[in-house]
Amino acid sequence: MSFIPGQPVTAVVERIEIQKLRHGDNLILGFSIGGGIDQDPGQNPFSEDKTDKGIYVTKVTPEGPAEGAGLVMGDKIMQVNGWDMTMVTHDQARKRLTKKNEEVVRLLVTRKSLEDAVRQSMMH
């Protein structure tokens, strides 16, 4: 996804709702994240341009709540329960996702394959 400062970002988004799994005192989502405005974007294997400081899904637990909801490795998380996730630190993102009083996490994600599919359909 190319990003030009000052221009609107066009992204194909998908809504994903994850019901957290209760495991003792913990609520489990079943995925890990990477990225954030405080991290080195050059280390992110999922960002196309190495300046993207977004939050990305780096791991999805097989048969976990996130996998069941349709989240895939490489998804970029744009929102969590209405909170913008495009300019947050790694720790802020983790805290938004793991709030104790939230049994359900509603994500807005963008995915490279979604964008490619839309681009393909527009060419035909």
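The analysis underlying the following values was restricted to heavy atoms, covering all of them including side chains, and did not include hydrogens, waters or symmetry mates.
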Tell me which donor-acceptor pairs under 3.5 Å the side chains of residues 87-98 have, and how far apart each pair is, sequence neighbours excluded?
residue : atom : partner : partner atom : Å
Thr89   : OG1  : Gln92   : N            : 3.1
Thr89   : OG1  : Gln92   : OE1          : 3.3
His90   : ND1  : Gly35   : O            : 3.0
Asp91   : OD1  : Arg94   : NE           : 3.3
Asp91   : OD1  : Arg94   : NH2          : 2.4
Asp91   : OD2  : Lys95   : NZ           : 3.1
Gln92   : OE1  : Thr89   : N            : 2.8
Thr98   : OG1  : Arg94   : O            : 2.8

*How far apart are the closest heavy atoms of Met85 and Ile77, and which atoms are they?*
CB-O, 3.5 Å
*Grab the two heavy atoms, one from Phe46 and one from Asn44, that are nearest each other, plus how far apart they are.*
N-OD1, 2.7 Å
_Quick one, Val60 with Val72, criterion side-chain contact (heavy atoms from CB on, under 4.5 Å). Give me CA distance, side-chain angles, the key distance, then yes/no._
CA-CA 7 Å; Val60 178; Val72 297; 5.5 Å; no
*Set of residues satisfying salt bridge (Lys or Arg N to Asp or Glu O under 4.0 Å) with respect to Glu17, sequence neighbours excluded*: Arg106
*Partner residues of Glu102 under the side-chain hydrogen bond (donor to acceptor under 3.5 Å, both in side chains) criterion, sequence neighbours left out*: Asn81
_Test of understanding: with side-chain hydrogen bond (donor to acceptor under 3.5 Å, both in side chains), list the residues that count as partners of Ser32, not counting sequence neighbours._
none
State yes or no: do [X] and [Y] share one hydrophobic cluster built from I, L, V, M, F, W and Y residues joined by side-chain heavy-atom distances below 4.5 Å, directly or via other members?
| X | Y | answer |
| --- | --- | --- |
| Ile33 | Ile18 | yes |
| Val80 | Ile16 | yes |
| Ile28 | Phe31 | no |
| Leu21 | Leu29 | no |

*Just grab all the side-chain hydrogen bond (donor to acceptor under 3.5 Å, both in side chains) pairs involving residues 18-27, residues at least two apart or on different chains.*
Arg22-Glu103
*Short N-O contact, Asp52 and Lys76, less than 4.0 angstrom*: yes
Donor-acceptor pairs under 3.5 angstrom involving side-chain atoms of residues 61-69: please list them, not counting sequence neighbours.
residue : atom : partner : partner atom : Å
Thr61   : OG1  : Gly30   : O            : 3.3
Glu67   : OE1  : Glu63   : N            : 2.7

*CD-CG distance between Glu14 and Asp75, expressed to the nearest 0.5 angstrom*: 7.0 Å
*asked:* Applying side-chain contact (heavy atoms from CB on, under 4.5 Å) to Leu27 and Lys100, what does each step give before you reach the verdict?
replied: CA-CA 7 Å; Leu27 289 169; Lys100 290 266 185 253; 5.5 Å; no
*Checking side-chain contact (heavy atoms from CB on, under 4.5 Å) for the pair Leu108/Arg15: CA distance, chi angles, key distance, verdict?*
CA-CA 5 Å; Leu108 211 52; Arg15 293 177 191 281; 3.5 Å; yes
